[in-house]
Amino acid sequence: MDKSTEKSTGYDPSQLEGKWYSYWEQKGYFNSKPDEREPYTILIPPPNVTGVLHMGHMLNVTIQDILIRKARLDGKNACWVPGTDHASIATEAKVVRKLREQGIKKSDLTREEFLKHAWDWTDEYGGIILSQLKKLGASCDWDRTAFTMDETRYQSVIKVFVDLYKKGKLYRGNRMVNWDSEAQTVLSNEEVLYKEESAKLYHVRYQIAGEDKFITIATTRPETILGDTAIAVHPDDPRYAPYKGKKAIVPMLGREIPIIFDTYVDIEFGTGALKVTPAHDPNDYELGKKHNLEVIDVLNDDGSISEAGQLYVGEDRFKARKLIVKDLEAKEHLVEIEDLVHNVGRSERTNSVVEPKLSLQWYVDMQQLAEPALKNVMEDVIRFFPEKYKNTYSHWMSNIRDWCISRQLWWGQRIPAYYIDDKVYVAETVEEALAQAQAELGDHIKAADLKQDEDVLDTWFSSWLWPISVFNGFESREELDYYYPTSVLVTGWDIIFLWVARMIMCGYEWEDKFPFKDVYFTGMVRDKKRRKMSKSLGNSPDALKLIEDFGADGVRYGMLSCSPAGGDLLFDESLVDNGRKFTNKIWNGVGYVLNLQTDKAVIQPEANKLAIAWINAKMNETLKKVEKSFSEYRLSEALMTLYSFVWNDVFNGYIEIIKPPYGEAGDVATREASIDLFEKMMIMLHPFMPFITEELWHKLRDREEGEDCIVASYPSISDVDNSALLSRMELANSIISSVRDLRNKHQLSPKKAVKLSAIDNDEISACLDEAGMESIIKKMANIEELTMLQTDEGVDGNSFICGKTKLFAHLDLEINVEEALPKLEEEYKRQVAFKAGTEKKLSNERFVAGAPAAVVEREKKKLSDSKARIAALAEEIKRLGGSI
RNA sequence: GAGAAUAUAGCUCAGUUGGUUUAGAGCGAUGCCUUGACAGGGCAUAGGUCGGGGGUUCGAAUCCCUCUAUUCUCACCA
């Protein structure tokens, strides 16, 4: 028979998720307005506007949603602001590529035409990712959706630029920059990724002018020979001392260049002689400045050889390298080719090899900005989770370099700097710039004389304003005063410098206050073999497909069940499958109790009353643990605590106890108590699994308008001390497990009822004095008779020890002494050793005097329990004929 | 080259300022059971000298030193 029709179908999220999401949206539960409540604010790290949902987003967004939903249940004014990032380089590159496919070259378009295409692209693909977040259950205030290029955010950027300029914290400088010749723009240091790559080290000999001697240099970049303006050697290097004051001749070109002496040169590396190309190497540039060398830039912006190179003009730098090596060889300049592994910097966005290049760019002076940002993190005014990232942060902040913010692109905020010849006017509008120019140069200056900077600003120059700009904070204080600073930032540690550090600096610069109280760093999502998720490896699952297959709640569980803050998430489909199983378990467990028949005539058994008291005590413990975990952002731990409570305590414990005999009806009071329990359970689970909990919440009771799980009140923690009840139940459970184990070992069916007897003591009697406890033990362990004995003399049966209580199961079995004795003896030895250790501790005056009273008490209890166990073990060993 | 972090069961991790731990969890593994709330579920079992060595302490997975291994950050030599 087909199983799917034979069996009940379990939890099916496909219909429910969409239904509840629109219900919440329509009720306005995600929306936030300032009011008298305490705000709890999170800003989404804006994903690329044209991006699609990937595993990293899923983890990041799930964490934020859990925190926001928890805050909402805690009665705070929860506000989660969504938005997207214009990602200038990445988006512009995509648009350029798309236009190229249509046969359109960017260079053929005007700025306005290009931007039109870019906006079309943004409008077409933008927001796809936001709708995908909804599938996960993200409870963002969609009315607040912001975009780093929208009007408000654009104006914020312009204002900030002008403000920094006025404060003198912004300058324009001619410096060595990182040039991405594919995107044809400059990159900040943080956008360059270094990786070890194998390369060739070419040894090339240069003739000494007027002599028949040669000096051999080593280079990885022979094509830059065209730009050589010196050869440098170490002043202490005896090999090259004779060349003092001489000149060398650049191969192929015949240009005479000086031989200079500088301690920068490493005598050990290569040949000890270095060719100097000030235009194409940061160190060479410094050398050039020091020794007054000519700067010959032999590369065009697209990475091809420029006119200044004289040879191979127009050829790409890599092609030119091959050509010149061939020619050098032909002319006997090439001495040797050595293999070398060195670090190569590549563009984060286009992966092309970054070219050092001399260029005039805008910079932010970071020194003053960094100061409060560093101090407040180190003093935990802003807390990092995990804390270890403070080290990384501190290291970077203490060695911070100025931030190059101009980009040679069109897609972004255009730099509000206007030029007339070498005069610069920075202003929010052309009119203001004009006014400035006229004031300085005279009224004859017209707007048309002003040329605005062609470049746009680094995307991060708009992202760093996010905590203020999303509330329109550079324009008005209305919302900023309520929502700022935000509660927590959830983001990946990989953008700690690009984004996190800069937001902190921004916060102190314009608000004189941190932008967020806490920062939760998520790890990378990797596959089971610890490889990064990547398209080329094909190891990245389709996020939406996962939601379809396992349900959003299942996926959320999977993402969170194993991802400590800052630690990598090793994703495996089994994780989300466990999540799916968990939703199924909840669905069936709650459904089972709801479908139980009740009968008013059935009197509530004592066992049920006890089970209810116990499960509520357990729940209180669970609440405490979960609360603590949340306060430390240990979300996986909170989830696992809930998982264990729900699955082990509620479903495997509580429900098994209150289950009426097959086919019989249950009592009304127990059902009511169960519904109360489930109701609280739904609230506790809601932040992690919003959909199933909302659905079941409505199945549990008839609800009034507005009475929804998402806005319910989180259960409060009780101060009542339940430890006695909990430890008695623990003893009962231990007895139950032992009896089950005995059956297992002797291959007995669980259906075979057994007789049990216990040797009386204070522990077991207190346990059994709880009304209903005896019947719980009998039911769960299938005991037909439980008797108390004063002594074990003459008792026949399989003995075991729980806590300090000795019990006998009367199974009518031959007792296998040979098997039982060694185990008992081993346990006895272990126990004696433990007792000795405890005694030693307690007899140590310094321990008794020095340790806290509670610790000493605990040790005393351990000792007395241990003694009781030893006595019981000794008796049993003797009874079986062993000796101690 | 400079700095930092980590090392606990087959895997992934917890272990909160040294003492509620006689080192825990989840997954996985193994055995048994199950016509039933649960295209599954239950019960139970086995697995660790807490990377090696040394030290401080009445007491160390926890603090210190050292060695080994791994990872990361920053800088970057042609």
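Below, chains carry the letters A, B, ... as their sequence lines are ordered, and counting in each starts from 1.
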Subject >> Passing option when H203(A) is tested against I217(A), L334(A), T271(A) for side chain to side chain contact (heavy atoms under 4.5 Å, CB included) >> reply: T271(A)

Original post:
Between A78(B) and N283(A), is there an OP1 or OP2 to side-chain N/O distance shorter than 4.0 Å?
Top reply: no

Enumerate the protein-to-nucleotides 24-28 of chain B contacts in which both atoms are nitrogen or oxygen and the separation is below 3.5 Å.
from	atom 1	to	atom 2	distance (Å)
C27(B)	OP1	Y643(A)	OH	3.4

Original post:
Which of these nucleotides, G31(B), C76(B), U45(B), is closest to any side-chain atom of R401(A)?
Top reply: C76(B)

**OP:** Classify the side chain of K745(A) versus the base of U45(B) as yes if they form a donor-acceptor pair under 3.5 Å and no if they do not.
**Re:** no

Original post:
To the nearest Å, how far apart are E839(A) CD and G59(B) P?
Top reply: 17 Å

Original post:
So, for F521(A) and Y389(A), is the gap between ring centers shorter than 6.0 Å?
Top reply: yes

Original post:
Hey, which of these two, N844(A) or G589(A), hits RNA chain B nearer its 5' end, going by closest nucleotide?
Top reply: G589(A)

Subject >> P atoms of U49(B) and U35(B), separation to the nearest Å >> reply: 41 Å

**OP:** In whole angstrom, give me the gap between the P atoms of G1(B) and C63(B).
**Re:** 28 Å

**OP:** Verify the neighbour count for atom NZ of K779(A): are there more than 12 heavy atoms of other residues, nucleotides or ligands below 6.0 Å?
**Re:** yes

Pick out the pairs of N or O atoms, protein on one side and nucleotides 13-15 of chain B on the other, that lie under 3.5 Å.
from	atom 1	to	atom 2	distance (Å)
C13(B)	OP1	R530(A)	NH2	3.3
C13(B)	OP2	R530(A)	NH2	3.4
A14(B)	O3'	R634(A)	NH1	3.4
A14(B)	O2'	E637(A)	OE1	3.4
G15(B)	OP1	R634(A)	NH1	2.9
G15(B)	OP1	R634(A)	NH2	2.5

**OP:** Determine the Euclidean distance between corresponding C1' atoms of G18(B) and U56(B); express it in Å to zero decimal places.
**Re:** 12 Å

Original post:
Taking RNA chain B as the partner, which of residues 856-868 of chain A come within under 4.0 angstrom of it by heavy atom?
Top reply: R858(A), K862(A)

Original post:
E627(A): what forms a salt bridge (charged side-chain N to carboxylate O under 4.0 Å, His left out) with it, not counting sequence neighbours?
Top reply: K70(A)

**OP:** Answer yes or no: does a side-chain N or O of N584(A) lie under 4.0 Å from OP1 or OP2 of C38(B)?
**Re:** no

Original post:
Is G36(B) in the syn range, within 90° of 0, or in the anti range?
Top reply: anti

Subject >> Test side chain to side chain contact (heavy atoms under 4.5 Å, CB included) applied to L226(A) and E223(A), step by step >> reply: CA-CA 6 Å; L226(A) 303 173; E223(A) 73 278 13; 5.5 Å; no

**OP:** From the options A44(B), A78(B), U16(B), select the nucleotide whose nearest atom is closest to the side chain of H342(A).
**Re:** A78(B)

Original post:
What's the closest nucleotide to the I655(A) side chain, out of C43(B), G41(B), A37(B)?
Top reply: A37(B)

**OP:** Classify the ring geometry between Y520(A) and Y633(A) as parallel (under 30°), tilted (30 to 60°) or perpendicular (over 60°).
**Re:** perpendicular

**OP:** Give a yes or no on whether a salt bridge exists between K628(A) and E632(A), defined as a side-chain N under 4.0 angstrom from a carboxylate O.
**Re:** yes

Subject >> Consecutive Watson-Crick or G-U pairs in runs of at least 3, all under 3.5 Å, in which RNA chain B is involved >> reply: B:1-7 with B:68-74, B:10-13 with B:24-27, B:29-34 with B:40-45, B:51-55 with B:63-67

**OP:** State whether the aromatic ring of F834(A) stacks on the base of U22(B), taking stacking to mean ring centres under 5.5 Å apart and ring planes under 30° to each other.
**Re:** yes

**OP:** Measure from the side-chain heavy atoms of K841(A) and tell me the nearest of G19(B), G41(B), U73(B).
**Re:** G19(B)

Original post:
In whole angstrom, what separates Y285(A)'s OH from C77(B)'s P?
Top reply: 16 Å

Subject >> Closest to the W647(A) side chain, choosing from A37(B), A78(B), G41(B) >> reply: G41(B)

**OP:** Could you work out which one of A78(B), A44(B), U16(B) sits closest to the side chain of R740(A)?
**Re:** A44(B)

Subject >> Residue-phosphate contact under 4.0 Å: N652(A) side-chain N/O, C43(B) OP1/OP2 >> reply: yes

Original post:
What's the closest nucleotide to the P750(A) side chain, out of C33(B), U16(B), G19(B)?
Top reply: C33(B)

Original post:
Whole-Å distance between A78(B) P and K275(A) NZ?
Top reply: 12 Å

Original post:
Quick one: which of U35(B), C32(B), A37(B) gets closest to the side chain of K751(A)?
Top reply: U35(B)

Subject >> SB check K745(A) D741(A) (cutoff 4.0 Å) >> reply: yes

**OP:** Starting from P on U12(B), measure out to CZ on F571(A) and report it in whole angstrom.
**Re:** 17 Å

**OP:** Would you tell me if any nitrogen or oxygen in the side chain of S737(A) comes within less than 4.0 Å of OP1 or OP2 on A44(B)?
**Re:** yes

Original post:
Considering only A37(B), A44(B), A78(B), which nucleotide approaches the side chain of Y264(A) most closely?
Top reply: A78(B)

Please list each protein N or O that sits under 3.5 Å from an N or O in nucleotides 3-10 of chain B, with the distance.
from	atom 1	to	atom 2	distance (Å)
A4(B)	O3'	N391(A)	ND2	3.4
A4(B)	O2'	N391(A)	ND2	3.3

Subject >> Minimum-distance nucleotide to D741(A) side chain [options: U22(B), A44(B), A78(B)] >> reply: A44(B)

